[in-house]
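Report on the following structure.
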Amino acid sequence: MPKKNSSKHKEPRKTVVEDTLLMKVVQKYFKLAGVVSAVWLVGYFKFSVSWLWLLLVFYVWKERQNKSNEHRICISQQLATDEKSVILARVEDLPSWVNFPDVERAEWINKILSQMWPYIGEYVEKILRENVEQSIRASLPAAMQSFKFSKIDLGDIPPRIGGLKVYSQLRRDEIYMDLELNYSSDSNIAVSVKGINAGIKDLTIHGTLRVVMKPLINKMPLVGGVLVFFLKNPELNFDLTNLANAFDLPGLSDMLHSIIQEQIANFMVLPNRFPIKLAEDLDLNKLRYPQPEGVVRVKILEAKDLKKADIGITGKGKSDPYVIIKVGPKEMKTKVIGNSVAPVWNESFEMTVDSADGQLLYLEVFDEDPGKTDDELGRVSFDLSKLQDKGFEDEWLPLEDVKQGMIHVQLTWLWLANDPLELDRVVQQVLDQSTNEDRIHAAILLIFLDSAHNLPRAKKSLNEPCPQASLSVGQQKQESTIKYNTTDPRWEEHFRFMLHNPNQQNLELELKDTKAKKSIGSKLIKLKELLGANDMVLDQKFHIKTSESGCYVQMRMCLRVLTPNANPEWIYPDESLITDTTEDIKINGTSVDEIGENYAFSTASSCSKKNLAEVSEPINITKQKSTQPLEEVVKSVEPETRYRKQASGTGSYNLGRIQMTIRYSLQRERLIVVVHKCSNLKPVQGDSKNLADPYVKLYLLPDKSSASKKRTKIIKDNLNPVFDETFEYQVSQQEMAKRTLEITVKNDVGMFSSTETLMGKALLKLSNMDICKAITEWIDLAPENTAKPISFESDV
């Protein structure tokens with residue numbers, strides 16, 4: 001059957017190609033006739049020859065653009081149909097699997113796509129008509145509400161996957177795949193507005209498409225749902241047809257491209273995702289809008305040796321530099337420093353990161369030229385997954401694509417914590433560190449605006465309103481889309497607000513009738529209410545003050561603290577996507593790890609409640625069907641603690657002590673090491689302040705490679721440094737008995753300094769460690785040649 005359908009489609013396609021060739025001949029004739037007529041009219045009406053030159057310049061530019069687009073489309077379509085010959089002819093267009101060893105060739109996917117393309121085309125047409133058409137119509141003014149797709153033909157050329165990368169070391173209930181998508185189509189899509197037809201053809205899309213399969217479940221179809229989205233705006237190009245050719249002019253064409261790019265971004269570019277539900281009991285909203293992985297704080301300090309973009313009359317050069325910071329589709333801009341090749345900005349920015357793996361932070365430096373295109377002074381990119389692992393970077397980075405120039409930046413990865421006690425500490429840090437030029441915050445507010453109900457009609461006409469929601473926190477204001485002619489609008493939209501101090505800030509929610517241009521009602525919500533809520537989340541009805549009673553908004557508000565401290569409870573949040581009957585826990589039968597990662601470990605410095613990390617004996621459990629939340633059961637457990645709350649003395653060798661927490665995760669097969677702090681360290685010889693600049697280095701012996709090396713940040717001028725940093729080692733349960741953790745406290749010194757660097761050392765045997773427990777202890781530091789292997793159980 002598919003073959004018959006395919007043959008039926010190909011005969012009309014040949015006729016269409018012949019008609020297209022005839023139309024090109026006719027168009028070329030009229031173009032030449034128009035040029036000749038223009039020359040004749042210029043002479044007949046005695047116009048200046050300058051007008052003729054201007055028309056000639058425009059004509060040459062237009063022809064060059066058309067030829068360039070035709071050549072690009074031709075190559076792209078050839079690549080989609082015969083990749084081998086095109087690759088041999090165009091070495092510079094090699095797919096990513098040729099150059100990157102972690103990217104695999106996926107020819108089998110291309111064969112499947114080719115076979116499924118007719119059916120995919122029908123599915124995409126359904127999405128465009130039922131979802132995208134309504135979204136575009138809602139964003140247009142009232143005079144253009146008749147917008148619709150009059151023709152959708154995706155053509156015969158399917159998308160091509162240039163390479164495929166599968167990510168490992170993720171949560172065990174999800175799979176991430178990045179697909180290098182190259183869609184060079186022979187499509188023809190037409191739209192109609194008030195009887196006026198316009199359209200696009202030869203659409204090309206090139207970008208990295210991420211496919212996330214989560215959660216993995218133990219029943220068919222084994223995958224609960226699929227998320228599809230672009231990590232950043234894809235490269236987009238197309239040709240216009242019918243009356244849309246009027247937009248194919250400088251300025252108008254760019255505006256049209258940006259509008260279509262924005263619509264694609266609103267649909268499936270992070271943080272927006274296109275979800276596909278596979279399991280019946282899957283919560284689609286949680287799948288579509290998961291919690292971000294974190295926030296990256298970018299401090300642009302300064303630059304040096306920048307290119308002199310503007311050459312003055314005297315021959316001396318200058319630049320007016322500024323920096324654009326990009327993460328995904330979002331970008332921010334620093335101020336412009338006039339007349340400098342060594343500018344100093346000292347500005348901070350914060351960007352939400354939905355997915356660190358495969359995501360890059362871009363810094364682009366430009367020279368401002370008012371009235372002209374700004375000159376590029378170089379760019380640099382940084383892998384956010386590496387920053388997520390390291391936590392902090394302070395580097396001078398050389399600018400790429402230019403001969404000279406460096407930029408000095410500080411990058412900090414901030415985790416999203418759900419601990420009110422952590423908020424107090426972070427707010428104080430923000431107050432201590434922030435300046436007038438800094439834009440740093442202590443928390444983030446995540447809002448899911450679901451719907452509103454029972455909104456009042458107009459009093460006289462009884463017309464239904466066209467509601468729009470406006471949300472604001474301080475000077476930050478965001479608005480929802482407009483829902484036309486309804487008293488029960490359903491938005492299902494997400495909003496994010498950065499907060500300085502939730503204890504003192506409020507959320508103002510206002511509903512407006514855009515048709516009558518008046519307010520429907522409002523609601524003021526104090527954000528400090530979230531601090532006392534379970535998991536700092538409020539998911540409920542909020543009653544709106546309106547002219548009629550019974551009006552409310554259904555909304556979910558989630559508060560998260562921005563902290564640089566890595567904690568497994570925050571790194572691996574409990575995201576229950578399957579809305580099935582919960583199995584709660586009672587104390588009486590199995591091991592601690594079956595309760596879950598979220599309640600099995602928390603660092604002592606940031607705990608807001610006693611947790612299972614502090615038990616002296618393994619807790620036993622049995623599962624029982626219950627409606628009581630798991631968290632309430634865990635809260636009821638009051639285990640004894642092995643945590644020694646304070647250090648005494650300077651240790652056995654008078655070199656000080658170090659406080660650490662060690663735990664092994666059976667589920668993830670990882671050794672988790674938390675370096676809390678040191679106390680009573682010995683001042684290093686030669687230090688002018690009789691202090692030290694300590695840091696801690698770890699190795700999991702016998703491995704002394706760079707992969708085994710872990711290192712904390714440096715604490716300047718301190719003999720009692722607080723680190724609170726978490727490190728992980730991938731190691732099996734069987735290998736644990738053969739491993740020893742080497743802990744070295746060192747003093748940071750310059751390259752040419754003769755100051756002693758080693759401040760103390762300890763060797764920790766893991767063979768006697770009880771893997772069911774998380775243990776926090778103080779360890780004595782010893783001289784390098786005196787340190788002997790010890791264990792937590794007896795020798796600490």
Side-chain angles (χ1 to χ4, degrees), residues 129-149 191-195 258-259 262-263 265-267 271-272 284-285 288-289 445-499 505-527 529-530 538-558:
R129 294 195 184 277
E130 296 181 359
N131 298 333
V132 179
E133 185 177 285
Q134 295 180 8
S135 176
I136 295 176
R137 189 182 298 147
S139 64
L140 294 174
M144 303 179 70
Q145 291 300 311
S146 61
F147 173 90
K148 67 175 183 178
F149 288 101
V191 300
S192 175
V193 181
K194 284 195 169 183
S258 64
I259 292 174
E262 182 181 350
Q263 290 301 322
N266 291 337
F267 185 56
N272 302 300
L284 197 61
N285 284 330
R288 181 185 295 156
Y289 302 110
L445 177 64
L446 308 172
I447 299 175
F448 175 63
L449 179 64
D450 183 75
S451 56
H453 299 274
N454 303 325
L455 299 184
R457 297 170 179 261
K459 291 184 177 180
K460 296 182 179 180
S461 62
L462 296 180
N463 289 332
E464 292 182 323
C466 296
Q468 181 184 39
S470 173
L471 302 96
S472 58
V473 177
Q475 300 299 317
Q476 304 175 69
K477 184 177 181 180
Q478 301 180 43
E479 294 182 334
S480 71
T481 56
I482 301 172
K483 298 300 178 180
Y484 292 91
N485 303 320
T486 176
T487 58
D488 298 293
R490 190 169 190 86
W491 289 289
E492 295 184 343
E493 296 181 32
H494 266 251
F495 304 90
R496 296 169 178 175
F497 293 92
M498 305 301 291
L499 307 175
Q505 293 180 277
N506 303 321
L507 172 68
E508 296 180 24
L509 171 64
E510 182 183 11
L511 299 181
K512 299 179 291 185
D513 183 357
T514 56
K515 182 194 297 182
K517 297 183 179 179
K518 66 177 183 179
S519 176
I520 298 175
S522 62
K523 175 70 175 180
L524 180 69
I525 304 171
K526 295 182 179 181
L527 297 182
E529 296 177 9
L530 285 161
L538 290 177
D539 190 350
Q540 64 185 54
K541 298 176 182 178
F542 294 89
H543 291 279
I544 306 297
K545 294 181 181 179
T546 64
S547 58
E548 299 180 9
S549 59
C551 305
Y552 66 90
V553 168
Q554 184 69 43
M555 185 168 61
R556 184 179 190 271
M557 302 170 59
C558 175

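For this chain, numbers begin at 1 and follow the sequence in order.
- Proximity of Phe448 to Cys558: side-chain heavy atoms (C-beta onward) are nowhere separated by under 4.5 Å.
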side-chain contact (heavy atoms from CB on, under 4.5 Å) between Lys541 and His453, intermediate numbers included: CA-CA 10 Å; Lys541 298 176 182 178; His453 299 274; over 6 Å; no
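- Proximity of Asp488 to Ser451: side-chain heavy atoms (C-beta onward) are nowhere separated by under 4.5 Å.
- Between the Glu493 side chain and the Thr481 main chain, a donor and an acceptor come within less than 3.5 Å of each other.
- Side chains of Met557 and Leu507 form a contact here, defined as non-hydrogen atoms less than 4.5 Å apart.
- Put simply, the side chain of Gln505 does not reach to within 4.5 Å of the side chain of Leu445, judged on heavy atoms.
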Steps toward side-chain contact (heavy atoms from CB on, under 4.5 Å) verdict (Ser470, Leu509): CA-CA 6 Å; Ser470 173; Leu509 171 64; over 6 Å; no
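- Between Trp491 and Lys483 the shortest heavy-atom distance is NE1-CG, 3.6 Å.
- Distance NZ/Lys523 to NZ/Lys545: 7.0 Å, rounded to 0.5 Å.
- Between the CD1 atom of Ile447 and the CD1 atom of Ile525 there is a distance of 7.5 Å, given to the nearest 0.5 Å.
- Comment: Arg490 engages Glu492 in a salt bridge, judged by a side-chain N to carboxylate O separation of less than 4.0 angstrom.
- Taking 4.5 Å as the limit, every side-chain heavy atom of Leu455 sits out of range of all side-chain heavy atoms of Ile544.
- In this structure, Leu511 and Pro467 have side chains that are not in contact, with every pair of non-hydrogen atoms separated by 4.5 Å or more.
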Steps toward side-chain contact (heavy atoms from CB on, under 4.5 Å) verdict (Asn506, Val473): CA-CA 6 Å; Asn506 303 321; Val473 177; over 6 Å; no
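- A donor-acceptor contact shorter than 3.5 Å links the side chain of Gln476 to the backbone of Met498.
- Here the CD-NE2 distance, from Gln478 to His494, works out to 12.5 Å after rounding to the nearest 0.5 Å.
- Here the closest heavy-atom approach between residue Glu464 and residue Lys515 is recorded as O-NZ, 3.2 Å.
- Between Asp450 and Arg556, the closest side-chain pair of non-hydrogen atoms is not below 4.5 Å.
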